[in-house]
Chemist: 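What follows is a structure written as structure tokens; I'll ask about it next.
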Amino acid sequence: MILLDDVTLTYPDGDARLTAVDHATLEARPGVVTGLTGASGSGKSSLLAIAAALVRPDAGRVVIDGTDATCLSRADATALRRERIGIVFQQPQLLPALTAREQLCAMAELGGRHRRTRRPAIRARVDELLDAVGLAEHANRRPAQLSGGQRQRVAIARALVHEPRVLLVDEPTSALDRARGAAIMALIARLTHERRTATLLVTHDLVHSDSLDETFIVTDGRVTAGALVGGSGGRNEP
Ligand code: ADP
Ligand code: MG
């Protein structure tokens, strides 16, 4: 679960401060895709950065998978991300020299719960994930040999390799055409429901709203609950 409670974040702006997030409260529950929508510059990426414990808010409380992350040290925030948070950025940010399988293995060996796992077990988990994102046939390809949509699938699989409880996704379809974007959104929804991650997903593109279970609207840093959209909102209630 992700809880942002009355969170405010400002950035320096000349002699003044710019308020990027303004007393925002939101919750993202396990097994649910929670969408954040709003105009460019409204504060969506800043909210994700707070939910990832990448930046500390000026005020308010941040709880990530039961851990109060409001005042963590840099080292503790890094450890929390490594163990419990998966992040998918707008651009997949893959390492050019590594194959799809190697991108995931490298991440698995970096740390988290799989740090002491034996290589064959890591390999089996990586191959299961590549299969889950539809890339079993392309495991040995490098980023340059993959399409934009396939690269984004690698990034999604890589974000899940350490079995995070929380998945944070920033505009995953912005570099894709509509059909490929819809396929990526449907994939994220399926993985969220199957693996029960608390998924917080930023999108400014409401054509993909059927893959969202719940939405919040961000306007000038303020967050309001959106109308329930398509998707399977409520389906995951116990
Ligand atoms: P969105 O993701 O909705 O486009 P952002 O969270 O990136 O919005 O930005 C919200 C506001 O904060 C914008 O006015 C942006 O210019 C400003 N901003 C974002 N990041 C920084 C930063 N690192 N330093 C200063 N201002 C920033
Ligand atoms: Mg953004």
Side-chain angles (χ1 to χ4, degrees), residues 2-28 33-64 69-74 77-78 81 85-94 148-149 151-152 155-156 158-159 164 166-178 180-182 184-185 187-189 192 197-209 211-227 229:
I2 306 162
L3 176 66
L4 304 188
D5 181 17
D6 202 16
V7 162
T8 293
L9 175 70
T10 66
Y11 295 113
D13 180 27
D15 293 336
R17 308 283 302 179
L18 180 149
T19 301
V21 174
D22 191 0
H23 296 282
T25 294
L26 69 85
E27 193 182 286
V33 181
T34 301
L36 283 179
T37 69
S40 175
S42 58
K44 304 180 299 295
S45 294
S46 298
L47 282 160
L48 271 199
I50 294 167
L54 282 165
V55 297
R56 262 197 220 179
D58 302 49
R61 200 163 65 98
V62 183
V63 181
I64 299 169
T70 316
C71 297
L72 288 183
S73 68
R74 220 175 244 266
T78 303
R81 272 195 299 282
I85 302 175
I87 307 180
V88 178
F89 296 101
Q90 225 160 326
Q91 300 297 328
Q93 308 202 358
L94 303 176
R151 286 199 284 267
Q152 197 56 287
I156 291 164
R158 183 182 58 181
V166 163
L167 183 63
L168 304 174
V169 189
D170 198 350
E171 310 232 23
T173 63
S174 58
L176 304 176
D177 63 45
R178 190 163 166 168
R180 277 169 229 276
I184 288 291
M185 291 289 289
L187 173 67
I188 291 168
T192 296
T197 54
T199 299
L200 189 58
L201 181 146
V202 165
T203 177
H204 68 269
D205 196 352
L206 281 173
V207 300
H208 299 309
S209 63
S211 293
L212 304 175
D213 299 314
E214 298 189 355
T215 48
F216 288 96
I217 299 162
V218 190
T219 314
D220 292 333
R222 289 186 305 279
V223 171
T224 48
V229 284

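The model shown is predicted, which means the values in this text are computed figures rather than measured ones. Order of appearance sets the numbers: ligands from 1, and atoms from 1 within every ligand.
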Chemist: Can you tell me how far the OG1 atom of Thr70 sits from the CG atom of Asp5, to the nearest 0.5 Å?
Modeler: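 Nearest 0.5 Å value for the OG1-CG distance: 8.5 Å.
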Chemist: Can you confirm whether something in the protein, heavy atoms only, sits under 4.0 Å from atom 15 (C) of ligand 1?
Modeler: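 No, no protein heavy atom sits under 4.0 Å from atom 15 (C) of ligand 1.
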Chemist: Any heavy atom of Gly38 sitting closer than 4.0 Å to ligand 1?
Modeler: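 Flag not set, Gly38 not near ligand 1.
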Chemist: Can you check which of Lys44, His204, Gln90 brings a heavy atom nearest to atom 3 (O) of ligand 1?
Modeler: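 Shortest heavy-atom distance from atom 3 (O) of ligand 1: Lys44.
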Chemist: Given that the side chain starts at C-beta and the backbone is N, CA, C, O, which of these parts of Leu18 lies under 4.0 Å from ligand 1, counting heavy atoms, or is it both or neither?
Modeler: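 Answer for Leu18: side chain.
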Chemist: For the CD atom on Gln91, are there more than 12 heavy atoms of other groups (residues, nucleotides or ligands in this structure) within a distance under 6.0 Å?
Modeler: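 Counting neighbours around CD of Gln91, 12 or fewer heavy atoms of other residues, nucleotides or ligands fall under 6.0 Å, so no.
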Chemist: Evaluate the side chain to side chain contact (heavy atoms under 4.5 Å, CB included) criterion for residues Leu187 and Ile156: first the C-alpha distance (whole Å), next the side-chain angles of each, then the deciding distance (0.1 Å), finally the verdict.
Modeler: CA-CA 9 Å; Leu187 173 67; Ile156 291 164; 4.2 Å; yes
Chemist: Tell me which protein heavy atom sits closest to atom 18 (N) of ligand 1, plus the residue, atom name and distance to 0.1 Å.
Modeler: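 Answer, as residue, atom name and distance: Tyr11 CE1, 3.3 Å.
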Chemist: Give yes if a backbone or side-chain nitrogen or oxygen of Gly41 is under 3.5 Å from a nitrogen or oxygen of ligand 1, and no if not.
Modeler: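 N/O-N/O distance below 3.5 Å exists for this pair.
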Chemist: Are side-chain N/O atoms of Tyr11 and Thr19 paired as donor and acceptor at under 3.5 Å?
Modeler: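 Judged by distance alone, the side chains do not pair up.
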Chemist: Between the Mg ion (ligand 2) and Ser45, is there an N, O or S atom separated by less than 2.8 Å?
Modeler: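 For Ser45, the answer is yes, given that an N, O or S atom comes within less than 2.8 Å of the Mg ion (ligand 2).
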Chemist: Does any N or O of ligand 1 fall below 3.5 Å from an N or O anywhere on Gly43, backbone included?
Modeler: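 Looking only at distances, the answer is yes, because the N/O contact criterion of under 3.5 Å is met.
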Chemist: Walk me through whether Gln152 and Val88 qualify under side chain to side chain contact (heavy atoms under 4.5 Å, CB included).
Modeler: CA-CA 8 Å; Gln152 197 56 287; Val88 178; 3.4 Å; yes
Chemist: Atoms of ligand 1 less than 4.0 Å from Ser45 heavy atoms?
Modeler: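 So the answer, numbered in order with elements, is 1 (P), 2 (O), 6 (O), 7 (O).
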Chemist: Within a distance under 4.0 Å of any heavy atom of Ala39, pick out the atoms of ligand 1 and give their elements.
Modeler: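 The list of qualifying atoms is 3 (O).
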Chemist: Counting N and O atoms only, with roles assigned by atom type, does the side chain of Lys44 sit under 3.5 Å from a partner on the main chain of Thr203, one being a donor and the other an acceptor?
Modeler: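 Absent.
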Chemist: Report, in ascending order of atom number, the atoms of ligand 1 lying under 4.0 Å from any heavy atom of Ser40.
Modeler: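 So the atoms of ligand 1 that pass are 4 (O).
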Chemist: Can you see whether Asp58 engages Thr10 through a side-chain donor-acceptor pair at a distance of less than 3.5 angstrom?
Modeler: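 Indeed, the side chains of Asp58 and Thr10 share at least one donor-acceptor pair under 3.5 Å.
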Chemist: Can you establish whether the number of heavy atoms outside Arg17 located under 6.0 Å from its atom CZ is more than 12?
Modeler: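 Enclosed.
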Chemist: Among all protein non-hydrogen atoms, which one is nearest to atom 9 (O) of ligand 1, and what is the separation to 0.1 Å?
Modeler: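 For atom 9 (O) of ligand 1, the nearest protein heavy atom comes out as Ser46 OG, 4.0 Å.
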